Amino acid sequence: MAVIIDGKEIAAKVREELKEKVDAMVNSEKRRPCLAVILVGEDPASKIYVRNKQRACAEVGIAQELYTLAENVSQESLEYIIDSLAQRSDVDGILLQMPIPQHLDPKRALAHIPAEKDVDAFLPENIGHIMRGDYGFLPCTPAGVIELLHRYGIDPDGKECVVVGRSDIVGKPMAMMLLHENGTVTICHRHTRNLGEHTRRADILVAAAGCAKMITADMVKEGAAVIDVGMNRDGEGRLCGDVDFASVEPKASYITPVPGGVGPMTVAMLMKNTVAAAEKHILKEKKCYEQRG
Ligand code: NAD
């Protein structure tokens, strides 16, 4: 029987710790961190994600501003809004909720977010920091996985770590972070042959492929820690992960459920990045003030 990793509980703890930090910041600096969220169009899933982020902000004490833009907004208008948020000293983080409508270019839009306000860590500058291990902001989902591993005392040092999925926002940064934690890392993807041969070697297996229940018991080593990032719908429309929980759980030492595993941690890490951004901004303002004498 595996230990079920409770992402909901850990995320609540992280929010609690952040609230203490924010309260102290408001007391000492008379300043509250602020996150601006831009939502384009009517995607129902995006609306739910944005609502979850707003709730988390309220709980932690982060001020938040929501900019809801019409589905047919122009690239120029979107970039104008980002530019105006970029210039505001009271806005610490800017988040463009993905996906955005097809006629818009996400890379061009994201390039208007200054690196120090890129709390989703989507910009090349922040991705570059991940490669070097001198982290600025960490992408929220893999950062949430690392936080879960730490809090459950699962140390990747010297372990075989296998990541299934190589997307820019989950798989690749996940692999890099496990590497910085001294794991021996294998990245698998759609073109990987004999996937099971790789996953069966894993002491820590992270599934981030977006394929419902694709990781079955025969693909998992006895005693492995299994982290399920996937968020899919099964044949009956129920939320499920990439891991076939029922068959894998008895074989694993630790396992994350879906829902209630990695998902809540992603939002908690966004809060962490926003508070960190505010701390950096306060420090920068103080330095500028000192230099001006
Ligand atoms: P993506 O589609 O961008 O990337 C999927 C990756 O998995 C690709 O690299 C692909 O090569 C690989 N892949 C797909 N099918 C495979 C297979 N059969 N065998 C091996 N590799 C395969 O997806 P993403 O944005 O990285 O998200 C992955 C999953 O994680 C999705 O289910 C997504 O909903 C979920 N997700 C969850 C959270 C969260 O907060 N829990 C956050 C982001 C993404």
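Counting starts at 1 for both ligands and their atoms, following the listed order. Remember, predicted model here, so these are calculated numbers, not experimental data. In what follows, every heavy atom counts, from backbone to side chain, and hydrogens, waters and symmetry copies are set aside. Just so you know, residue 1 is the first one in the sequence shown, and it goes up from there.
Taking atom 11 (O) of ligand 1 as the reference point, the nearest protein heavy-atom neighbour is R190 N, 3.0 Å. Of all protein heavy atoms, the one closest to atom 32 (O) of ligand 1 is M231 N, 2.9 Å. Of the protein's heavy atoms, V170 CG2, 4.4 Å lies nearest to atom 27 (O) of ligand 1. For atom 15 (N) of ligand 1, the nearest non-hydrogen atom of the protein is C211 SG, 3.4 Å.
At a heavy-atom cutoff of 4.0 Å, ligand 1 is contacted by both the backbone and the side chain of V229. By the criterion of a heavy-atom distance under 4.0 Å, neither the backbone nor the side chain of T192 is placed next to ligand 1.
Between D242 and ligand 1, no pair of N/O atoms sits closer than 3.5 Å.
Taking every heavy atom of G263 and a limit of under 4.0 angstrom, the matching atoms of ligand 1 come to 40 (O), 41 (N). Residue contact check: N232 has heavy atoms under 4.0 Å from atoms 32 (O) of ligand 1. Close contacts between ligand 1 and A208 involve ligand atoms 5 (C), 6 (C), 7 (O), 28 (C) [criterion: under 4.0 Å to a heavy atom]. Ligand-side atoms of ligand 1 in range of T266: 39 (C), 40 (O), range being under 4.0 angstrom from any heavy atom. Below 4.0 Å from some heavy atom of R166 lie the following atoms of ligand 1, by number and element: 6 (C), 8 (C), 9 (O). Listed by number with element, the atoms of ligand 1 under 4.0 angstrom from any heavy atom of M214 are 17 (C), 18 (N), 19 (N). Heavy-atom contacts of V164 reach the following atoms of ligand 1: 20 (C), 21 (N) (cutoff under 4.0 Å).
A 4.5 Å side-chain heavy-atom check between K21 and K272 finds every atom pair outside the cut-off. In this structure, the side chains of Y67 and L85 come closer than 4.5 Å at one or more pairs of heavy atoms. Residues R151 and V14 are in side-chain contact: their nearest non-hydrogen atoms beyond the backbone lie under 4.5 Å apart. Counting only heavy atoms from C-beta outward, the side chains of D228 and V262 never approach each other to under 4.5 Å.
If you check each of M265, M98, H189 against atom 20 (C) of ligand 1, the one with the closest non-hydrogen atom is H189. Among V145, I169, L270, the residue whose heavy atom lies nearest to atom 25 (O) of ligand 1 is I169. Ranked by closest heavy atom to atom 5 (C) of ligand 1, the top entry among S167, P173, G165, A209 is A209.
Taking all atoms of both residues into account, the shortest heavy-atom contact from N52 to V267 is O-CG1, 4.1 Å. In terms of heavy-atom proximity, T274 sits nearest to P33 at O-CB, 4.2 Å.
Without hydrogens or angle criteria, N126 side chain to A115 main chain gives a donor-acceptor distance under 3.5 Å.
Q64 and K53 share no side-chain donor-acceptor pair at under 3.5 Å.
Clustering ILVMFWY residues whenever any of their side-chain heavy atoms sit less than 4.5 angstrom apart, transitively, puts L205 in a cluster other than the one holding L179.
In this structure, CD1 on I62 lies 12.5 Å from CD on Q54, to the nearest 0.5 angstrom.
Look at G171 and you'll find every heavy atom at least 4.0 Å from all atoms of ligand 1.
Between T266 and the choices P139, C140, P142, the side chain to side chain contact (heavy atoms under 4.5 Å, CB included) rule is met once, by C140.
Protein heavy atoms are found less than 4.0 angstrom from atom 9 (O) of ligand 1.
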